[in-house]
2 protein chains.
Amino acid sequence: MSRSPLSPTPSGSSGSDAAAGELPDHTEVVRRFNRSYTQRIGVLEESFLGLGMPLGTARLLYEIGVEPGTTRDLRVRLDLDSGYLSRLLRRLQSDALVTVEPDPADRRRRRVGLTAAGRQAWDELERRSADRARDLVTPLTGRQRARLAAALAEADLLVRAATVRLELTDPTAPEALAAVEAYTAELGERFPGGFEIGDLAEEPERLRPPDGAFMVATSDGSPVACGGVQALGGGVGEIKRMWVRPGWRLAGLGSRLLRHLEGVARELGHDAVRLDTHGSLTEAVAMYRRAGYREIERYNDNPHAEHFFTKNLH
Amino acid sequence: MSRSPLSPTPSGSSGSDAAAGELPDHTEVVRRFNRSYTQRIGVLEESFLGLGMPLGTARLLYEIGVEPGTTRDLRVRLDLDSGYLSRLLRRLQSDALVTVEPDPADRRRRRVGLTAAGRQAWDELERRSADRARDLVTPLTGRQRARLAAALAEADLLVRAATVRLELTDPTAPEALAAVEAYTAELGERFPGGFEIGDLAEEPERLRPPDGAFMVATSDGSPVACGGVQALGGGVGEIKRMWVRPGWRLAGLGSRLLRHLEGVARELGHDAVRLDTHGSLTEAVAMYRRAGYREIERYNDNPHAEHFFTKNLH
DNA sequence: GAAACTCTCTGACTAAGATCAGAGATATGT
DNA sequence: ACATATCTCTGATCTTAGTCAGAGAGTTTC
């Protein structure tokens with residue numbers, strides 16, 4: 001039986017695992033990386049040890065330091081049982097690292113914050129974590145460090161992009177509004193003459209089932225992409241308000257979103273989709289072409305649109 | 001400008017750590033990666049859950065499946081207390097997943113292997129772990145997957161290289177012999193006419209303190225690089241038997257080892273070092289030049305050497 | 001102002017992870 | 001052959017992690 005695909009040397013022995021004819025899905029590379037990286041770096045966690053407090057407590061302290069809040073916030077963020085949290089907090093409190101006081105807004109809740117000593121302990125956690133990262137990097141030469149940083153940044157971007165979840169969102173929901181706000185803010189920068197698009201909440205039913213749909217992608221709580229489908233009639237759908245946060249465009253999130261929206265349009269019973277865009281959004285125009293869209297005549301009177309596209313869904 | 005160029009989120013709070021004038025040491029990239037990666041991928045560990053056995057047990061089972069061995073091996077590999085290991089093994093044994101029998105070579109030890117049922121459970125662990133990796137990759141397009149794989153492979157190589165430990169090793173120790181064996185095997189392939197270098201164990205005292213030193217770098221237990229320093233007399237040292245496992249040469253391990261050996265030579269009181277090499281080892285020759293070595297006349301009668309170098313240590 | 005609900009806390013409990021000090025068996029060096 | 005070292009196992013013990021049920025304080029709804 002062959003060696004484990006996770007074999008320890010980098011010498012290409014793992015490359016042979018993918019049988020000759022298969023398409024590479026690269027999962028082996030991911031697994032190999034996971035294994036060696038977690039083994040060597042020991043994850044973030046380890047730097048939380050050795051402060052004379054158990055891991056869970058340190059994690060909680062860290063989280064409080066990142067952003068103080070109510071016990072409820074912390075429970076949700078760390079997914080803890082309320083009884084367990086209560087005990088952890090009491091321990092931190094008795095070590096004089098955190099303050100716990102009733103929330104004036106709702107006196108059932110408690111607000112949690114760091115004391116001066118707690119801030120100090122938090123800094124220590126930060127320092128350890130940074131030290132660990134530095135330990136990893138120091139044996140390398142400057143060029144190698146740069147290569148490592150570039151590789152990790154690239155991997156980070158792609159992993160983030162891969163783990164973004166596209167979610168059907170009501171156009172009036174706060175996440176949807178936040179996404180569209182970011183969208184219009186960006187357009188506003190591009191067209192200083194003043195830019196005006198209809199408020200998303202104006203006709204929300206057009207972007208809501210059963211007539212349409214609106215998708216928002218969030219990462220770490222903030223919107224990174226959005227887009228909707230509405231009906232134009234005659235079996236034709238229209239893709240609207242498609243936007244991807246600038247830093248995320250390199251990761252192909254746009255095409256993924258577009259593909260998804262086409263699928264939604266198909267489910268809504270459309271045979272084709274159209275969309276319009278401004279000529280200055282060159283990346284977007286290129287992406288539409290790559291995705292199989294062809295340019296057509298103006299089909300609406302949107303003053304900001306210069307290019308009009310269509311794609312057959314069958 | 002202080003923002004990371006690839007930073008997809010506006011979070012900013014972490015980016016400001018690197019003050020404007022500092023040289024980038026890239027620790028922020030590493031930390032950022034650690035945080036987001038562990039958060040999203042949840043490490044390898046998670047795929048070990050849900051088999052009806054606790055994490056530690058699953059980890060042990062997995063390790064046995066990767067490479068069966070004696071209890072001692074496992075204890076070292078997983079860094080477990082012997083009592084703890086004993087109990088974990090007993091549990092696996094009572095579930096009929098592993099066989100434990102005395103090692104015929106040393107009847108104090110026990111050999112541990114998987115039963116058929118154990119192999120099946122191991123396959124299940126493998127499958128889960130692979131599934132998790134695949135889940136990560138599937139949302140990406142083919143090109144993005146290739147980019148991710150390339151980035152992770154690059155990061156993996158560099159991380160491995162960075163975490164390799166160079167250790168002063170006695171020339172007669174098994175790791176040293178293993179390294180030199182790999183070295184001569186490779187040279188044997190390059191020079192099919194037959195290749196003969198003196199056995200390392202012949203004059204071990206020359207490569208041993210106080211006259212010399214021999215360093216071996218191991219990764220996951222197998223040697224990946226080696227090299228020694230011996231005295232030539234007159235304040236001159238000689239670097240001998242320097243070798244880096246092929247797959248590791250891209251990661252700059254050679255220069256790191258060379259730099260280290262120069263430091264050792266300096267500590268041994270030498271003012272300069274020499275070395276010889278064969279002309280066909282073009283990468284090596286280039287590396288020596290890059291490291292500040294200049295070519296000199298032949299200073300010995302090594303029939304395999306064609307190039308001779310020296311470097312001043314002060 | 002009572003009912004229903006929300007939130008935190010306490011006590012009781014369990015499993016898992018981990019460490020330590022020997023006992024007993026086996027191997028090695030002199 | 002003896003002392004010494006090595007190795008695994010057992011029993012005892014401890015901390016951490018995590019769960020559950022309900023008490024008690026506070027808030028919202030009608």
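Note on naming: letters A, B, ... go to the chains in the order of the sequence lines (proteins, then strands), and numbering restarts at 1 for each one.
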Novice: With a 4.0 Å cut-off on N to O distance, would you call B:D131 and B:R134 a salt bridge?
Specialist: yes
Novice: For A:E101 and D:dA25, what is the distance between atoms CD and C1' respectively, to the nearest whole Å?
Specialist: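 Atom CD in A:E101 sits about 18 Å away from atom C1' in D:dA25.
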Novice: Are the side chain of A:D95 and the backbone N or O of A:L97 linked by a donor-acceptor pair below 3.5 Å?
Specialist: no
Novice: Atom CG of B:L88 to atom C1' of D:dT10: distance rounded to whole Å?
Specialist: 15 Å
Novice: Do NZ/NE/NH1/NH2 and the carboxylate oxygens of B:D156 and B:R160 come within less than 4.0 Å?
Specialist: yes
Novice: So does A:R90 get a side-chain nitrogen or oxygen closer than 4.0 Å to the phosphate oxygens (OP1/OP2) of C:dT10?
Specialist: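 Checking A:R90 against C:dT10: at least one side-chain N or O falls below 4.0 Å of OP1 or OP2.
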Novice: Kindly say whether A:T115 contributes a backbone atom to a donor-acceptor pair with the side chain of A:T99 at under 3.5 angstrom?
Specialist: no
Novice: Mind calculating the distance between CZ (B:R91) and C1' (C:dA16) to the nearest angstrom?
Specialist: 10 Å
Novice: So, are B:D123 and B:R127 salt-bridged, with charged N and O less than 4.0 Å apart?
Specialist: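 No, B:D123 and B:R127 are not salt-bridged.
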Novice: Nearest-Å distance, CE (B:M53) to C1' (C:dG17)?
Specialist: 17 Å
Novice: Answer yes or no: is there an ion pair linking A:R59 with A:E63, defined by an N-O contact shorter than 4.0 Å?
Specialist: no
Novice: Quick check on contacts: within residues 67-86 of chain A, what sits under 4.0 Å from DNA chain D by heavy-atom distance?
Specialist: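 Going residue by residue through residues 67-86 of chain A, the ones with a heavy atom under 4.0 Å of DNA chain D turn out to be A:D81, A:Y84.
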Novice: Are the charged groups of A:D211 and A:R206 less than 4.0 angstrom apart, N to O?
Specialist: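 Result for this pair is no, no salt bridge flagged.
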Novice: Could you tell me how far apart A:R87 (CZ) and C:dT14 (P) are, to the nearest whole angstrom?
Specialist: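 One finds 15 Å between P of C:dT14 and CZ of A:R87, rounded.
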Novice: State, yes or no, whether a side-chain contact exists between B:L114 and B:L61 at a heavy-atom distance under 4.5 Å.
Specialist: yes
Novice: Just to be sure I understand the geometry, which residues of residues 106-113 of chain B put a non-hydrogen atom under 4.0 Å away from DNA chain C?
Specialist: B:D106, B:R107, B:R108
Novice: CG of A:L89 versus P of C:dC7: gap in Å, rounded?
Specialist: 16 Å
Novice: Taking for each residue the nucleotide of DNA chain D with the nearest heavy atom, is it A:T57 or A:P104 whose nucleotide lies nearer the 5' end?
Specialist: A:T57
Novice: Does NZ or CZ of A:R119 come closer than 6.0 Å to the centre of the six-membered ring of A:W122, within 45° of the ring's axis?
Specialist: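 Judged by the rule, A:R119 and A:W122 form a cation-pi pair.
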